[in-house]
Amino acid sequence: MASGGGVPERPTLEGLEEKWSEIWERQGAYRFDREAPRERVYAIDTPPPTVSGSLHVGHVFSYTHTDAIARYRRMRGMQVFYPMGWDDNGLPTERRVQNHFGVRCDPLVPYDPDFKPPAEPSQKEPVAVSRPNFVELCLELTETDEQAFEQLWRRLGLSVDWSMTYTTIGKLAQRISQRSFLRLLRRGEAYQLEAPTVWDVDFQTAVAQAELEDRERPGAMHRVRFAIDDAQAQALIDTTRPELIAACVALLAHPDDERHNELVGRQALTPLFGTRVPVLTHPLVDPEKGTGLVMVCTFGDLTDVVWWRELGLPVRSVLGPDGRLLEVPWGTAGWESVDVETARARYGELQGRTVNQARRRIVELLQESGDLVGEPQPVTHAVKFFEKGERPVEIITSRQWFIHTVEHHEELIARGRELSWHPTYMRARFEDWVEGLSGDWSISRQRFFGVPFPVWYPLDASGAVVYEEPILAREEQLPVDPSTDVPDRYEPQQRGRPGGFTGDPDVMDTWATSSLTPQIAGHAGEDEELFQKVFPMHVRPQAHDIIRTWLFTTILRSQLDYDELPWRNAAISGWVLDPDRKKMSKSKGNVVTPMHLLEEHGADAVRYWAARGRPGTDTAFDPQQMKVGRRLAVKLLNASKFALADLPPEGETVTHPLDRAMLARLAAVVADATARLEQYDYARALEHTEEFFWWYCDFYLELVKGRRYDTSPQAAASVSLALRLSLSAFQRLFAPFLPFVTEEVWSWWQQGSVHRALWPDAAELAGAAAGAERNGEEMALAVTADVLREVRKAKSQARRPMRAPVRRVVVRDTARRLQALELGSDDLVAAGAIELLEPIEDEAFAVEVELAPETP
RNA sequence: GGGCGUGUAGCUCAGUUGGUCAGAGCACCUCGCUUACACCGAGGGGGUCGCCCGUUCGAGUCGGGCCGCGCCCACCA
């Protein structure tokens, strides 16, 4: 490594980032050596950030934590496998591409090799493009973003091996995703099913349970009258979704609710449409809600699905994938009515309308028919949304691929307990989520920019799709895109023809690929030698909000494919919060971009702020802390300069009591920091190191100044050695947190990179100070510092400079402490400019300071 | 409604097994250009440790109950 060639006259932080990033890159400072044995490998399952615009402060925060861990492990002599992935597939990219280029994907449009996006993108009237053209635009945009991301990470000083990047849309990720899927399918762990599925009507795709969130929305409760047995009696139900009355398949009461005994077992007639539906019971009905009677529709919510399944009810679907009411065949099987013509006419008023439009209209119809009791009552209720969506999700029956999860509950809980969680309480979030899972994982998405299912289906003589006999791709073919690739034994022109084939049109859920990051980064099935070295990995760093998605699905896939944990540790980071304790919002994050922060405060300073954030704990965004970090970096520069510039020759051993005591304390700090880092508690490692470092500068360096500048070699021998030992340790202790400034000061006097140097050894330092406790040397340092503090106080209160001479200092203290003070008195009188030090034995510590008169 | 976490000086936070634990930094005030550092140093003011019970000789520190905040979950009637 290049040597800085001695201590500069005026050390500065300016330019260190450019200088050292460039050198690190040239020297391959962070290159992973795959020849290392497995025992010396430390593998990190780096989170691939979503490439959908820009990184924000939260990324800087959590990636810094991981980098501190990576640097620590490297200094422990490990070969750190630290790749970087870009999560570029999926909806965020699609949405960004649509907005950026003013296009929308239409799978029916043919590919145009000469396509150019519109010069003036219009989001109101997007240009329809083919799926291959759309994918090309996605790849173009993500490539640009990924370069910008890499620049930021390098500027932040992440010690990533940049020769090992991957993208979740790349060929490697596609092969691994498809191969895993095919194997799951063969083992029966993946299956296809036509079933009610949670559906986003804007994106027009199925979404998984994990991608849902509740949002409070205003709504209205409508009390609706159902006639019983052709108007002999009536039933009243409350509903927020009257537009689904045509989809009603039953009314339900709780089995113990005697109020409805008369009705149970009879038939009710839906208002407006006159369809007969049974009145049944189910224990899930809450007698406290509404009238105690509930309308079951196919499907208004997830509970409807439970009732429908458990009671064997028929399906009457009225909602289409676009969120509008479908055309339905009144008068045919399943759509019977006591008055078909009226039903058809009234439904005609709703057909084609969106849910909200239909709801407004049906309320009017119910009012006209007299089936609405009273006025709709406004309510606020939690409604399920796709986390990226803008309208509530619906439940639509469709054909989807699933992966078994429910039947693996117990194995997954057991794996969660094998994993070391940092902090430990995060395990509860995992277990809560697993316990609460109600269905298998739906992995199909009706989208475009994702990993396709490597599956085709034969078409029968009538051209109907034979889903029961999927044609699977061979593993050697992967990755395949069934929309353009042709299965074995078929010709391209047979696509879509009777007796021919068709490709599975769907792509995999983004988590279905992200759940394989250890396999992708480790090249599972492609470079088995590498994979065996790195898998299972050592740590998964990630934030707490995606335990239910990324962490959970990764454990699931590893369990299914390898029957073991994908990693040993989970290091969970918190979020960055606004000063008002809300999650840092996108808009604010864009105002304060990470690059601006780095430019204003410097990478080490920003990293300092991040590293002070406790594992798992949300942390306030605080530029003030970055200023503190910058001060620390400057202090390290200056302290290193003091300790190293023109230092007199060092002795063989550290002999002075205060030097030895300082090293003993340092040894304890090293031991503490090491233990903390072993437990992934980078924050306390930094805090304790920093705390001691400031003490070291304020007291130790001041105390030994006299000896350090002493012209006699004997006087300086001990302190020279102690300064070198301590500075060397400090520089390495701070290296995981402040990589740039530590590399700079290290280069002044050492060979090679500090980031490849071995982590300081507490035992070695303790050895150099052996017996410091027993000999009273540690007490000497404590008492000396106590007295120095009193002397400074006296000078400060007398408004005198710190170098002002002191005529006499009387120290009252116990015999033991006074004895110890004697060991450090030479440094004390020098540092305090004390003429006479007078110890007096006493029970309590007290100091009298008599300053020399001020000389004009 | 359930789970987890959190509530300590104006701000950001330390306080490991209950007894110098009432702290640090920032901010504020005062002083000092001392040969590592003025991107500095020295000193100072400032808190009934969310609230209420309890255990204990003694509780930010343990137990119970409230309240606030955050995240996750829950059957949208």
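Just so you know, these numbers come straight off a predicted model, no measurement behind them. Chain letters run A, B, ... following the sequence lines, proteins first, then strands; residues in each count from 1.
Using a 4.0 Å heavy-atom cutoff across all strands shown, A:C297 reaches no nucleic acid atom at all. Counting non-hydrogen atoms under 4.0 angstrom, A:M426 reaches nothing in the nucleic acid. Using a 4.0 Å heavy-atom cutoff across all strands shown, A:V383 reaches at least one base atom of the nucleic acid. Across all strands, A:V305 comes closer than 4.0 Å to no nucleic acid atom at all (heavy-atom distances). The residue A:V285 sits close to a base: some heavy atom pair falls under 4.0 Å. When heavy atoms are screened at a 4.0 angstrom cut-off, A:R429 is found touching base atoms of the nucleic acid.
Of the listed nucleotides (B:rA36, B:rC76, B:rC26), B:rA36 has the atom at the smallest distance from the side chain of A:E702. Here the nucleotide nearest the side chain of A:R10, chosen from B:rA42, B:rU12, B:rA38, is B:rA38. Counting only heavy atoms from C-beta on, A:K641 has its side chain closest to B:rA36 among B:rC72, B:rU12, B:rA36. Comparing B:rG3, B:rC4, B:rA36 against the side chain of A:D432 picks out B:rG3 as the nearest.
Ring centroids of A:F693 and A:F734 are separated by less than 6.0 Å, placing the two rings close together.
If you check the side chains of A:E744 and A:W748, you find a donor sitting under 3.5 Å from an acceptor.
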Quick one: which protein N/O atoms are closer than 3.5 Å to N/O atoms of nucleotides 14-17 of chain B? Pair and distance per line, please.
residue: B:rA14; atom: O2'; partner: A:E687; partner atom: OE2; Å: 2.5
residue: B:rG15; atom: OP1; partner: A:R684; partner atom: NE; Å: 2.5
residue: B:rG15; atom: OP1; partner: A:R684; partner atom: NH2; Å: 2.7

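Between the base of B:rC37 and the side chain of A:K635 there is a donor-acceptor pair shorter than 3.5 Å.
With its glycosidic angle more than 90° from 0, B:rG70 adopts the anti conformation.
With both ends at atom C1', the span from B:rG65 to B:rC29 equals 44 Å, rounded to whole Å.
Applying a 4.0 Å cut-off to non-hydrogen atoms, the residues of residues 787-797 of chain A that approach RNA chain B are A:R789, A:R792, A:K793, A:S796, A:Q797, listed by residue number.
Along RNA chain B, the nucleotide nearest to A:T12 and the one nearest to A:G292 differ in position, and the one closer to the 5' end is contacted by A:T12.
Atom CZ of A:R816 has 12 or fewer neighbouring heavy atoms from other residues, nucleotides or ligands inside a 6.0 Å radius.
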